[in-house]
Amino acid sequence: MNAPKPAPYNHALIEKKWQEAWQEAGIYTVADSVPGKENYYTLVEFSYPSGNLHVGHWYAFSVPDIFARYKRMQGFNVLYPMGFDAFGLPAENAAIKQGADPKVWTYEQMEKMRTQLRSMGAMFDWEREIVSCDPIYYKWTQWMFNQFLKNDLVYRAVTKVNWCPKDMTILANEQVTDGVCERCGTEVVQRDQEQWMIRITKYADRLVDDLDELAWPNAIKEAQKNWIGRSAGSELSFPLVGTDNTIDVFTTRADTLFGVTYVVIAPEHTLVSELLSRVENADEVLAYIADTKKKSELDRQQSKEKTGVQLKGVMAKNPANGEAVPVWIADYVLAGYGTGAVMGVPEHDERDREFATKYNLPIVDQPLVDAKEITETVGGKMVSTYRLRDWGISRQRFWGCPIPIVYDPEGNAHPVPDEHLPWILPSDVDHTPDGTAPLARSKELFERTESIFGKGWRPEVETMDTFVDSSWYFYRYLDNKNTESFASESVRDAWMPIDLYMGGAEHTTMHLLYSRFWVKALHELGLVKENESYVMRRNRGLILGPDGNKMSKSKGNVIDPDEIVSRLGADTVRLYLAFMGPYGVTGNYPWDPNGVVGVHRFLERVWKLKEKIGKGAPTNLLHKTIKKMAEDIEEYKFNTAISAMMILLNAWEKEDAILLEEYKTLLQLLAPFAPHMTEELWHELGETESIHLSAWPAYDSTRIVDDSVTLGVQINGKVRDELLVATNASKEEIEAAALALPKIQGHLAGKEVKKVIVVPGRAINIVASE
RNA sequence: GCCCGAGUGAUGGAAUGGUAGACAUAGAGGACUUAAAAUCCUCAGGCAGAAAUGCCGUGUGGGUUCGAGUCCCACCUCGGGCACCA
């Protein structure tokens, strides 16, 4: 009879068993402080409850989990929390299309996702879960809004919004494709809308300058700098001939001031209405302005051909030489950038030249002067201007955080006092779009407002941009049940700032910048100590379909993680995603159905390797592997860390036997990657405590150096042979041995050796005459 | 157009200025099997050659260096960001 076959690797059984056991034992519950351990806060962007976990979620959450687990084994008290960014458009769309209640819909999606998220076997501490649409959470979103309002960081302003006349709704930029509404295809128009704004521009300089202190990847910093778009220049006043008024222009080229031949203002410029009375061609000007308004923002951007109209009879004086120049209106000048007016210097600016040529304006060549000097001479000032605009947070939507504002009978806005927070989102709303904010139809909200504030008072009916919810969520994980503050000072001290924030590249300029601003504002208001929220940020790449295209249902290239998990296991999916390439660089990797089988094979081989446990000899390779893996993981190069384990496995499989302790060390190295399988084997080998509570193995530094090493022997930089030498051989010995190699002698025949360079442990280069 | 990245086998990728292609996948050959799958072993950048070996080779062209995938200059291609930004 044959000996009984050892049990095969049954991932389904093992994964279920340990997920339950871990939860039971609470091994992922994180305390705010653990004696002798340093806290380490790893963050990933919380999920939108779309209801179905796709490969992207796995990549976003399970690979950072490897890092978090590694840090934990290294002796850190690691927090790796998860929650839901639960307000947002899809819930509302479901309400409009299917008549669902957005809240019920959202909570259903979250429940589905929690189950799927658990199948990852990640070390999320679910007791710290946050849900941004929960009043216990948004109370503090509203409270912070009030704090900002009190401190002049919030104001009311009229801005342009995308408006779909058919759907009667404001559209977000991403809902507008090629100038039409993505839902109904109707042409989108620009409409003035009064809304609540957050003064992010007040922090523009700090948001740029403080990047220098951060050890972030350069590309991310550059993207933010670019987005903020600080530009240093001069603001100069051009007096209008015959009036007390001036046109203020912004220029980065004050040095070309003497070359100015005209001045242009934006059609929306505040001076326009005043000047109209003095203009000789008012009809023409009005027609031009009307024309501009008809054009969508997109049209204005697309048509590169410059148009404009002269304000006949209006002249501006060049402050440098007193020369009178004509004033024009043109829509290539943007009202929202700089001062909304520019000086035209066709000699030095290509765009100005194009405009001047088209309208026969003079082009004069004048010598350049010193920018700073001339600015001072003409009474201007050196200023910076920014591409960054203030942040409009009002949304005419239902499923968002209510803006805690009420209006008195005279229409003056008042904050809802803190004692009335959370200012609850009502539920009695018809979601059919009719051009007004859904909350305007809530009887409950209006009655509540009157009962608290008095007759004739009415509520704000707009809700906040969901980027507000996500600007501070990382504080709430720290203290998610606190009813006295958004997070207590002691827990913030314990965890902030965040050590590592991994997320999508698409959030580089919006969410990442908003949340940096938010922390700076809280900091300035004395509400938090830190001035920057993220010590390190890494953007991950994208997982593409097997065909190399972005996964999409229409392309039929979508990989369903649930299917792979049930067929090959969560450990395999985690390992495969980590093995595809380095993490934290924005590389996009195609999913290879064969590749995932390959890493599964690796796990099965590790599983089978236990049969070789016996009287083996200690191996140096293990210690090199430990060293290399730690180095690689610290750089998020999980792919090469895995490959190091594969190399070790390949070597051990050739041995007759391996030592129990060494095999267990391999399990520990593999534990962050394949938490379930390693836990099973760990216990099978007699351990009673979780492998995830064990310490990351240390390597023996005396065992990472081999006795001998193979060097490449080059002649004039070309490899001709190799040489096995003792690691401690002297340069002279190596040189002599290399020169004595028969192959080398052959190559050197008739040549003169000029120099020999020995690179210890690497190569020998013999420099010879040709 | 401007800014930031990146170009390496059939594929994902590896390589402190020091033996290019680790590891893995696909592929070829073999073992086991009645057969297939699974598993195991071997080969595997290109060209030439029976082989030994030689020549070529990291987007292109230059350069620095004893030595360049890696550093410098110019260009090409691809990806990302911004864009009538004064």
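Chain letters run A, B, ... following the sequence lines, proteins first, then strands; residues in each count from 1. Given the structure is predicted, the values throughout are model-derived calculations rather than measurements.
In this structure, B:G69 makes no Watson-Crick or G-U wobble pair, since no nucleotide meets both defining distances under 3.5 angstrom. The base-pairing partner of B:C43, taking Watson-Crick or G-U wobble contacts with both distances under 3.5 Å, is B:G27.
Taking only side-chain nitrogens and oxygens, A:R601 comes nearer than 4.0 Å to OP1 or OP2 of B:U25. Taking 4.0 angstrom as the limit, A:K754 places none of its side-chain polar atoms (N or O) nearer than this to OP1 or OP2 of B:G67. Proximity of A:R230 to the phosphate of B:C85: no side-chain N or O atom is located under 4.0 Å from OP1 or OP2. At B:C82, none of the side-chain N or O atoms of A:K225 fall inside 4.0 Å of OP1 or OP2 (strictly under the cut-off). Remark: A:H747 is in phosphate contact with B:G54, judged by side-chain N or O atoms under 4.0 Å from OP1 or OP2. For B:A86, one of the phosphate oxygens OP1 or OP2 lies less than 4.0 angstrom from a side-chain nitrogen or oxygen of A:Y337.
When the C1' atom is compared between B:G12 and B:G7, the two are found 15 Å apart, to the nearest whole Å.
Counting non-hydrogen atoms under 4.0 angstrom, A:N218 reaches the backbone sugars and phosphates but no base. Counting non-hydrogen atoms under 4.0 angstrom, A:K637 reaches the backbone sugars and phosphates but no base.
Ring orientation note: the planes of A:Y9 and A:W607 are tilted relative to one another, at an angle of 30° to 60°.
For A:K755 against B:C66, a side-chain-to-base donor-acceptor contact under 3.5 Å is absent. A:N765 contributes a side-chain N or O that forms a donor-acceptor pair with the base of B:C66 under 3.5 Å.
No more than 12 heavy atoms of other residues, nucleotides or ligands shown are found within 6.0 angstrom of NZ on A:K550.
Looking at A:T246 and A:D248, their side chains do bring a donor and an acceptor atom within 3.5 Å of each other.
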